[in-house]
Trainee: 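Just passing along the structure, written as structure tokens.
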Amino acid sequence: MAQKVPRLKLAKSLDRSLIVIFVAVISLAAMGWALLPIAGPMGHVMMLFPVVTVVYLLAGLRAWHRRPGNRLGPLILFGGFAVFLSGMGNTDIPVFVAASTIGATLILAVIVHMLHAFPSGRLQGRISKFTVLAAYLNSLLLQAPGYLFRADGDVPFLAIADSPPMVALAQWLQEWVGAGVMMATAFVLIRRLVQADKDQRRVLAPLFAYGAFAAIFVPLGTQVLSPLLDMSVETNAMLQLIVIGGIPLAFGHGILRGGFAKTGELEELGSWLGASGGARSALAAALVRALGDPSATLSFWVPRHEVFVNDDGSPAPLVEPGTNRGQVEIVLGSRTVGAIAYDATLIEEPALVRAAGQVVAIAVDRERLTVELRESHGALQRSRQRLVDAADRERRRIARDLHDGLQMQLVLLALEAQQLAKSAGSDSGTIDRATHLRQGLDAAAAELRQLVHAVMPAALIERGLAAAAEDLADRMPIPTTLELEITDGSCASAVEHAAYFVLAEALSNALKHSQATQIQVRLHVEEGWLRLEVRDDGKGGADLHVGTGLRGIGDRVDVLGGLFDLASAPGEGTRIKVDLPCA
Amino acid sequence: MRVVIGEDEALLRHGLQLVLEGGGFEVVAAAGDAVELESAVSLHLPELVVTDIRMPPSHSDEGLRAALRLRSKYPETAVVVLSQHMQRRYANELLSSSNGKVGYLLKQRIADVDTFLGQLRDVAAGGMALDPDVVALMVARAKRSNGAIRELTPRQQEVLALMAEGSSNSRIAAELFLSEKAVVQHTSRIYDSLNLPLDGESHRRVLAVMHYLSDN
């Protein structure tokens, strides 16, 4: 949408807070850069700590700014803090070393947290909540014996006793709890992947894969990979930091592709409504923006038929419970006016959708009337179509009945009259009368042929539009040229029939009213449209509102969703153009 | 003369059979649809086929299509096609596919038994028979756009139509109560004004006239 949405007061206040956070974290990173032994032997690794911190900062601020209601942004920022903390252990300032020792594995818990909370930022379900809690406890509590019971560690002033067995036990416990957390995480993520639809899976699968890889690689890298690949401590540390630094980028990418692609808030939705007046479909688009769910749809309640319909008046698909789709009804006062269907995996809280529904309720109600009109117009259109179809079917039936019944009867009767005239013993009076009878029957048959032709011409049934149009032109008493560029059967027979009767009506109009001396007919198929043009050199001045002929053409064309154009300036002849969609 | 009939209406099929047999034709088979008709013809190899255009299963123009196939497959078999309704397109398809031995008549013509049987015999003998209805349609159409036909006298126009229907000079003379000599005069004047190639064969005369009418 090109429309610029104004940022509201609350959002502006958030923006200011984010600037403060940005300045603060940049200062911290700068301090880290100054305090870390960058000139030392592990200088490259040391440099990465502030760099990765800033990566987290930028990714986290961006997500927070775009999606103020989502907790993933703050969580990414928190991850940046954890990275910063673990880096500060390498300085020689005791208080930083102590803080770093206490939170050394905090980043692992944050990664697990992010994996579970994507994309809504909230933890969904008890397994997730319990697993993330276990991850934090594991990283903070089970880490503690490592410094509390070790007198010769980095931070001897934190030690309360020297007990190597306690240290070993805690480490053993930490490893097993960590493995448990990873297994529970894997279980939850795989289950979510299975339940996700195809589009969601495209975003979720690489993200989950990378997150899980990071959460396993970082703790195991030192014990398993380094000895296996004969890596130096420096390389191993750099790899770990790079993998950790990729986390906010991966989540940032994921949220750009997925639910975070849209910005905006309910307040913005409200202000937008005030500005635009809530035009059709723009309302649904604004709702999509506000919910951050590209798949969200708006439907309207039609009480007369007790159905939800789309904005074009067609019935809205039902939302089945137990699927990935959720639906919230929009209520105005005590009346249902519409419903919002949304992606239930993206938006955990129906309350958010309900609130959005409240904001747009009045606009939806107003639009509902238009949609209701559209729906009833659609129903009317279908009913007209049925009437025209029924009329054509009836014409066909009558023509067939006349052909099979009456026409044949007349042949047989005439034959009998002829037999009578020829039979032995007939006197001359009888012969004359029988012959006269036969001729009368022939005349009746000729009239019947014309009637059948007018009802449903044989050529149309036997060969299609081209032959029937030719037949029509053949029987015109004034010169009629026919330009045909169609093959029979290239359009639906209902369309061909309509075109035929339009042509017949146009020709009979021209004959009756135009005083034309010449008529030109052009009939061709072009890009799925059957185009008919009838031109005469008569007096013009044909009026759509006088007489039923032209109006009948308009009706037929209308029913098929075609276009009808009449140009008939006085003295300049008449031109009728009709375009019908072929299908 | 051996005949195969194609007509889906049982009553009419029977009536047609009686008319033909009364006229001395031998009806060797009477088919109710186009498929049956074609197999009956391949079985009996008759001298004449008389068939309806609209027949089962689709009640469209299968009788005509069967007639065209039969004409090209069995050149010795003459075919007369009957219909409730005349179409210029059908007449042209029949004429252009055959060199004589075809007819295209309204069903109603059956009742005028003598004329009808005469036309069947003409066609079987190599001539052509076109219904006055379709000829009138074509003459009227040609007259609207062609000055040469408009300049013919009414009598010449009558003669032209009868030529197109496939009538011989003697039949034209009988029909118009003229002497044959007068008919010959009329026809040669028609040939002159329309620039038609002179030909004694009746079916070629029909073709020439019809060709002229269709082209103009």
Side-chain angles (χ1 to χ4, degrees), chain A residues 396 399-400 402-423 434-435 437-439 441-446 448-450 452-453 456-464 466-471 473-482 488 517-519, chain B residues 7-19 22-23 52-56 58-65 82-93 106-117 131-134 136-146 150 213-214:
Chain A
R396 229 175 210 284
R400 198 178 48 235
L402 291 176
H403 178 275
D404 295 347
L406 202 48
Q407 279 186 324
M408 193 193 66
Q409 288 293 330
L410 286 177
V411 176
L412 291 171
L413 286 173
L415 203 50
E416 210 159 315
Q418 178 77 4
Q419 302 291 344
L420 187 62
K422 290 181 73 181
S423 59
T435 306
L437 177 61
R438 181 180 63 73
Q439 284 160 351
L441 287 167
D442 282 355
L448 183 60
R449 274 200 299 282
Q450 278 180 5
V452 171
H453 187 264
M456 182 62 84
L460 192 58
I461 294 175
E462 292 169 3
R463 283 291 174 91
E470 224 168 58
D471 208 31
D474 278 356
R475 283 159 219 267
M476 285 293 286
I478 55 177
T480 304
T481 60
L482 183 62
D488 286 325
T517 60
Q518 188 136 7
I519 302 180
Chain B
E7 165 64 57
D8 60 317
E9 285 291 342
L11 278 174
L12 202 53
R13 191 166 60 230
H14 186 62
L16 192 54
Q17 183 163 356
L18 289 180
V19 166
D52 190 6
I53 283 190
R54 199 187 289 189
M55 281 197 289
S58 71
H59 290 278
S60 162
D61 61 349
E62 41 273 279
L64 179 75
R65 291 178 196 277
L82 300 177
S83 174
Q84 302 270 31
H85 182 262
M86 285 291 121
Q87 224 120 262
R88 183 166 57 91
R89 190 179 267 227
Y90 292 178
N92 282 334
E93 285 172 16
L106 275 175
K107 265 190 192 173
Q108 199 66 32
R109 308 294 175 209
I110 301 170
D112 189 356
V113 173
D114 293 336
T115 313
F116 178 64
L117 292 176
D131 198 273
D133 241 39
V134 76
L137 194 71
M138 297 182 74
V139 170
R141 181 175 164 277
K143 253 162 75 175
R144 284 194 295 270
S145 53
N146 184 294
R150 273 202 299 271
L213 292 177
S214 298

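No hydrogens, no waters, no symmetry mates; every other heavy atom, side chains included, goes into these values. Because the structure is a prediction, the values reported are computed rather than measured.
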Trainee: Please lay out, stage by stage, how H85(B) and V452(A) fare under the test side chain to side chain contact (heavy atoms under 4.5 Å, CB included).
Mentor: CA-CA 9 Å; H85(B) 182 262; V452(A) 171; over 6 Å; no
Trainee: Sort A466(A) into side chain, backbone, both or neither according to what part of it lies under 4.5 angstrom from a heavy atom of chain B.
Mentor: both
Trainee: So do the side chains of E462(A) and Q87(B) get within less than 4.5 Å of each other, counting heavy atoms only?
Mentor: yes
Trainee: Between D8(B), D114(B), I53(B), which has the largest tally of heavy atom pairs under 4.5 Å with chain A?
Mentor: D114(B)
Trainee: Heavy-atom cut-off 4.5 Å, strictly under: side chain, backbone, both or neither for L448(A) against chain B?
Mentor: neither
Trainee: Given 3.5 Å as the limit, does a donor-acceptor pair link the side chain of R144(B) with the main chain of M476(A), or not?
Mentor: yes
Trainee: If I compare all heavy atoms of Q108(B) with all of A445(A), which pair ends up nearest, and what's the gap?
Mentor: OE1-CB, 3.1 Å
Trainee: Minimum heavy-atom separation for M408(A) and Q84(B), please, with both atom names.
Mentor: N-NE2, 4.0 Å
Trainee: Does atom CD (Q17(B)) have a neighbourhood of more than 12 heavy atoms from anything else shown, all under 6.0 Å?
Mentor: yes
Trainee: Measuring from atom CG of D112(B) to atom OG1 of T435(A), what distance do you get when rounded to the nearest 0.5 angstrom?
Mentor: 9.0 Å
Trainee: So, R463(A) and E93(B), do they make that salt bridge, N to O below 4.0 Å?
Mentor: yes
Trainee: Rounded to the nearest 0.5 Å, what separation is found between the CD atom of E9(B) and the NE2 atom of H403(A)?
Mentor: 8.5 Å
Trainee: Please look at A473(A) and chain B and tell me whether the side chain, the backbone, both or neither of the residue comes under 4.5 angstrom of a heavy atom of that chain.
Mentor: backbone
Trainee: Below 4.5 Å, heavy-atom pairs only: which of I110(B), L106(B), D133(B) has the largest tally toward chain A?
Mentor: L106(B)
Trainee: To the nearest 0.5 Å, tell me how far D471(A) CG sits from L137(B) CG.
Mentor: 7.0 Å
Trainee: Less than 4.5 Å to any heavy atom of chain B: does that hold for the side chain of P477(A), its backbone, both, or neither?
Mentor: backbone
Trainee: Measure distances from Q518(A) to the heavy atoms of chain B and classify the residue's part below 4.5 Å as side chain, backbone, both or neither.
Mentor: neither
Trainee: Count the heavy-atom pairs under 4.5 Å between each of S83(B), A140(B), A111(B), S58(B) and chain A, then report the option with the highest count.
Mentor: A111(B)
Trainee: Roughly how far, to the nearest 0.5 Å, is CD of E470(A) from CZ of R141(B)?
Mentor: 7.5 Å
Trainee: How long is the straight-line distance from CG of L18(B) back to CG of L415(A), given to the nearest 0.5 Å?
Mentor: 8.0 Å
